[in-house]
Structures are given as structure tokens and as C-alpha cells.
Amino acid sequence: MMDLTHEIEQHYEDMVNMRRHMHMHPEVSFKEENTKQYIYDQIKDLGFEVRRDVGGNGITARLQVDDSFKTIGLRADFDALPIQDEKDVPYKSTVAGVMHACGHDAHTAILITAARILAAHKNELPVNVVFIHQHAEELLPGGAKSMVEDGALDGVDYVFGTHLSSQFPVGTLAYTYDHAWASPDAFSIEVEGRGGHGAEPHEAVDPIVAAASLIQQLQSIVSRTIDPLKSAVVTVATFNGGSSFNVIPSTTVVSGTVRTFEKEVRESVQKRMEGIANGIESSFGVNCTLDYTEGYPALVNDNEQLNHVLDVLEDADYVEKREENAPSMGGEDFSYFLQDTPGAYFYTGARNSSIGADYPHHHPMFDIDEQGMKAGVESLVKIVLGFRN
């Protein structure tokens, strides 16, 4: 019978080494050529049915126990971010301007470690397992969508994943029922007028003034269009136009993000943006071109499967606290895996202020307490061992 705590301790040093290797050699989304080879090298001799280049740079590895069993998918992402690593640690990124600032290196080390443990105890498993190593979570359109389209979930009945978080202390499992992450949409609006001299505004059609009015009206969408009991965010993050103090430019571009949980709310926001742009055209004599890009779908947990996670971790050794968490307006393309396959996604705590592992994700000083990876492995393995056909 498996002694999971012993297994995790036995694999811990190797898990840390894998995480640090990836931290030192990060690759950004859709360019993870060396990373995918490294992952393959770690799992190729474990007796799995491995598929490479799934939906791009993705990898799936199937542990087939019994054809009559259900199959569980476990997913980790492995891309890095275009951020300069500013930490002073031995495993600092060796790639200028690129670092693992979101924990994907640890996600991958956790999943590989879980795979090694489960492969060694294949005859004890009540389910088949597919290990899903996903590329390009950080950049639209993401890697999950193309992996699903390329069959990553073929034959998978349930799918699970975890995200290490510097928001929660080591030993914490944070979870959210129903809607957990929002749809992270992007938009830009080009306002085209007619340029001219700053001293003669009557001879021009000023896109700066029109864009300023546009921005103010966009801020009325949430407060005056969306049901107060629903959630939405409209943020204008850039305003670009003009190059000289005395020249009225011909065009100005504003861009930003829209975050929603529900499809109807997303559609209402987009429709209202179109209406506001049309109104600005009429009011100021400009032309407005809206480019609206839908991001990942909202991530909606299957509550029954989330309860399965909580049940199997009730007496865990490394998960000391289970904490219900509010939904996040952040985006996560694990949502594609959950669109047609029931499952759950949850946080695993990796915060430890005493060692500087308390910076927010996507920060140049981001780091984790690697002890938190033990709870990640324990969670994934127990999800598998605790399943009942």
C-alpha cells in the first residue's frame, strides 16, 4: 500500500531540481521548444502513451490501468512571461527579459512528480490517468483550446488542476464554487479624425477630445448597463495619440480589458461599447473602429468534483487548511478543459514572507516557498487514489 507522505519526501529533492531548472531556463508562450523537450525527457521512460506537439507545443501522457476504468486528466502549464527576473537566488533566470513569474515551473515539477509516483503504483490505481502538459497559458488565444481541439481530453471523464499562489500561505488549499475565474477580453478603439494645427482646432476634427469623451462614457457601462447583482469590469488601460504639443493628430487609440463571468453580461458590455462608439461618431464627426477580442471563457468549477477534492484532502498531511475563496476577475485557460468535461481547479498556497515568497504573481521578484509543492503533489495524487468508479 502506498505511503504517499514517504513518496513525496523521497521525490522532493528531484522536484525542486526540476522546478529550478525550468526557472533558470524559461521560455515564453508558443516558443517553449526546449521546455517541451525537457518535460518529455522526464516522463518518456515511465511507461506512458505519450503524444507530443498536441495542439502546438503540448504533451499528453496516458497511464492506462484498465480499459473498464474511468479516466482522470491532470493538467499543468509550462510557459513563462516576458519579465526580467530581479531576484538574487542561485536559480535566477538565465534568459534576459524572461522569467517564470507565475509558478508554471512549479506546476510542471508537481505534475511530473505525481506522474512518477502514480506510475510506480499503477496496480493500486482505481482510474486511468492522463497527464496534460500545456503550453501558452499566458498569451491569447492560449494553448488549452488548441490542445482540446487536438484530442487532449479524448477519453477523459474528469479533469483537475491546481495553481500555486503567493497569496495563500504554504499548507492552504483555496477553492471557489461555481464561477472561479472571469473571461479576460481585450478591446481597442481607434478614433479617426482630421489632423491640424493646435492653434486652429476649428479646421481639424480632434480625435483626442472625442477619445476623452469615449473613455468617460465607457465607465458608465458597468454602473448603468449591467445588473448590479452581476459582475463586470471595464478598464481603459492605454490612451495613445499625438506627438507634439501644437499638433492635433489624425488618430487616437484607446485600449483595455473587459472581465465578466456570464455570457449574457459579456454580450451586453460588447453591445454597449458598440453603441457608445457610434454615438461618439455622431457627436464629434469622427470614425470609431472597435476591435473586440474575446479571451478565455469564464472558468466554472463543477461543484461535485470540487467536493471530491475537498473530501480526499480532509486528512491530508501537507494541506493544513482549506479556505473558500472569492471568485477572481483574472483569466485562466483551464476553462477550456472544463467546458465539456467536469472537473475542478483550485489554489495551492506557496506564500512565505520570511523567505521573500510573498510578491504578487507577474512581479519581477516573484518566488515561491518550494515546500508548498508537496501539497500540490499530495492533492493531485489523492484526487486519483480517492476516486470511486
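Since the structure is predicted, the reported quantities are computational estimates derived from the model, not experimental observations. We use all heavy atoms of the structure for the numbers below, so side chains are in, but hydrogens, waters and symmetry mates are not.
- For H6, the NE2 atom counts as loosely surrounded, since its 6.0 Å shell holds 12 or fewer non-hydrogen atoms of other residues, nucleotides or ligands.
- A cation-pi arrangement is absent between K145 and Y296, since the terminal nitrogen or guanidinium carbon is not both under 6.0 Å from the aromatic centre and inside a 45° cone about the axis.
- For N352 and D358, the side-chain atoms include no donor-acceptor pair closer than 3.5 Å.
- Between N301 and A180, the shortest heavy-atom distance links the atoms ND2-CB, 3.8 Å.
- Contact between G241 and T252 at its shortest, heavy atoms only, is CA-OG1, 3.9 Å.
- Other cluster members for V89: M24, Y91, joined by side-chain heavy-atom distances under 4.5 Å among Ile, Leu, Val, Met, Phe, Trp and Tyr.
- Note that the CZ atom of R194 and the OG1 atom of T251 stand 14.0 Å from one another [nearest 0.5 Å].
- Between the side chains of E32 and N57, at least one donor-acceptor pair of N or O atoms lies under 3.5 Å.
- By the neighbour-count criterion of 12 heavy atoms within 6.0 Å, atom CG of N246 is densely surrounded, having more than that number from other residues, nucleotides or ligands.
- A donor-acceptor contact closer than 3.5 angstrom is absent between the side chains of S268 and E264.
- Side-chain rings of Y347 and Y175 stay apart, their centers remaining 6.0 Å or farther from each other.
- Between T71 and V129, the shortest heavy-atom distance links the atoms CG2-N, 4.4 Å.
- Between D367 and the choices K87, R19, R351, the salt bridge (Lys or Arg N to Asp or Glu O under 4.0 Å) rule is met once, by R19.
- Annotation: side chain of L125 is in contact with side chain of L118 (closest heavy-atom distance under 4.5 Å).
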Going by atom type alone, with no hydrogens or angles, which donor-acceptor pairs under 3.5 Å involve a side-chain atom of residues 309-321 and a protein atom two or more places apart or on another chain?
{"residue": "D317", "atom": "OD2", "partner": "T5", "partner atom": "OG1", "Å": "2.3"}
{"residue": "Y318", "atom": "OH", "partner": "E9", "partner atom": "OE2", "Å": "2.6"}
{"residue": "K321", "atom": "NZ", "partner": "E323", "partner atom": "OE1", "Å": "3.3"}

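- Remark: side-chain polar atoms of H308 are paired, donor with acceptor, to backbone N or O of I383 under 3.5 angstrom.
- Under the 30°/60° scheme for interplanar angles, the aromatic rings of F30 and H135 are found to stand perpendicular.
- In summary, the side chains of T35 and E27 do present a donor paired with an acceptor at a separation below 3.5 Å, with no hydrogens or angles considered.
- The main-chain N or O of A344 is never found under 3.5 Å from a side-chain atom of D302 such that the two would form a donor-acceptor pair.
- With no hydrogens or angles considered, a side-chain donor-acceptor pair links E7 and H121 at under 3.5 Å.
- The backbone N or O of A210 lies less than 3.5 Å from no partner atom in the side chain of S213, so there is not a single donor-acceptor pair.
- Shown here for A76 and H107, the closest heavy-atom pair between the two residues is CB-O, 3.4 Å.
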* To do: Kindly determine whether M15 and I110 satisfy side chain to side chain contact (heavy atoms under 4.5 Å, CB included), including the steps that lead there.
  => CA-CA 7 Å; M15 179 165 58; I110 287 169; 4.2 Å; yes
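- A donor-acceptor distance shorter than 3.5 angstrom exists from the side chain of T108 to the backbone of D77, with no hydrogens or angles considered.
- A salt bridge is defined here as a Lys NZ or Arg NE, NH1 or NH2 lying under 4.0 Å from an Asp or Glu carboxylate O, and D85 with K92 fails to meet this definition.
- Rounded to the nearest 0.5 angstrom, R259 CZ and S328 OG are separated by 8.0 Å.
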Using a 3.5 Å cut-off and no angle test, enumerate the donor-acceptor pairs between side-chain atoms of residues 160-170 and protein atoms at least two apart in sequence or in another chain.
{"residue": "T162", "atom": "OG1", "partner": "F346", "partner atom": "O", "Å": "3.0"}
{"residue": "T162", "atom": "OG1", "partner": "T348", "partner atom": "OG1", "Å": "2.7"}
{"residue": "S165", "atom": "OG", "partner": "Q167", "partner atom": "N", "Å": "3.0"}
{"residue": "S166", "atom": "OG", "partner": "Y359", "partner atom": "O", "Å": "2.7"}

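- For R75 and F334, the positive end is not near the middle of the six-membered ring at less than 6.0 Å and at most 45° from its axis.
- Atom NZ of K36 is separated from atom NZ of K31 by 14.0 Å, given to the nearest 0.5 angstrom.
- In Q216, the CD atom is not crowded: 12 or fewer heavy atoms of neighbouring residues, nucleotides or ligands sit closer than 6.0 Å.
- A 4.5 Å side-chain heavy-atom check between L4 and E378 finds at least one atom pair inside the cut-off.
- Atom OH of Y12 is separated from atom NZ of K374 by 5.5 Å, given to the nearest 0.5 angstrom.
- Under the rule for a side chain to side chain donor-acceptor pair (under 3.5 Å), S243 has no partner lying at least two apart in sequence or in another chain.
- Residues T235 and T257 have side chains that never bring a donor and an acceptor to within less than 3.5 angstrom of each other.
- In this structure the side chain of L111 reaches within 4.5 angstrom of the side chain of H133, judged on heavy atoms.
- Put simply, the side chain of F284 does not reach to within 4.5 Å of the side chain of V191, judged on heavy atoms.
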* For S29 and E138, what are the C-alpha separation, side-chain angles and deciding distance, and is it a side-chain hydrogen bond (donor to acceptor under 3.5 Å, both in side chains)? -> CA-CA 6 Å; S29 305; E138 295 286 4; over 6 Å; no
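- Contact of the D291 side chain with the F187 side chain is not registered, since no non-hydrogen atoms from C-beta on lie closer than 4.5 Å.
- Within a 6.0 Å sphere centred on CG of D340, heavy atoms belonging to other residues, nucleotides or ligands number 12 at most.
- For K122, the salt bridge (Lys or Arg N to Asp or Glu O under 4.0 Å) test picks out no residue, with sequence neighbours left out.
- Following chains of ILVMFWY side-chain contacts shorter than 4.5 Å, one can reach L290 starting from L218, so the two form part of one hydrophobic cluster.
- Checking each of Q134, H100, H104 against D79 for a side-chain hydrogen bond (donor to acceptor under 3.5 Å, both in side chains) leaves exactly one that passes, namely H104.
- Scanning all heavy atoms of the two residues, the minimum distance from I59 to I43 falls at CG2-CD1, 4.1 Å.
- We find the OG-CD1 distance between S283 and I276 to be 11.5 Å, quoted to the nearest 0.5 Å.
- Here the shortest heavy-atom pairing between P184 and L140 reads O-CD1, 4.4 Å.
- Checked by atom type and distance alone, the side chain of N128 pairs as donor or acceptor with a backbone atom of D66 at under 3.5 Å.
- Looking at T94, its side chain never comes within 3.5 Å of a backbone N or O of H25 through a donor-acceptor pair.
- For the residue pair Y177 and E324, no side-chain donor N or O sits within less than 3.5 Å of a side-chain acceptor on the partner.
- Using modelled atom types and a 3.5 Å distance limit, the side chains of Q37 and R52 yield a donor-acceptor pair.
- The main-chain N or O of G55 is found under 3.5 Å from a side-chain atom of D150 such that the two form a donor-acceptor pair.
- Salt bridge absent: R20 and D105 never bring a charged side-chain N and a carboxylate O closer than 4.0 Å.
- The CE atom of M273 sits 12.0 Å away from the CG atom of N278 when rounded to the nearest 0.5 Å.
- Taking the side chain as every heavy atom from C-beta outward, I189 and L214 approach each other to under 4.5 Å.
- A salt bridge links R266 to D185: one of the charged nitrogens lies within less than 4.0 Å of a carboxylate oxygen.
- In this view, D41 and K44 satisfy the salt bridge (Lys or Arg N to Asp or Glu O under 4.0 Å) rule, not counting sequence neighbours.
- Side chains of M18 and Y38 form a contact here, defined as non-hydrogen atoms less than 4.5 Å apart.
- With a 4.5 Å cut-off on side-chain heavy atoms, V233 and V222 do not count as touching.
- For E304, the CD atom is loosely surrounded, since the number of other residues' heavy atoms within 6.0 Å does not exceed 12.
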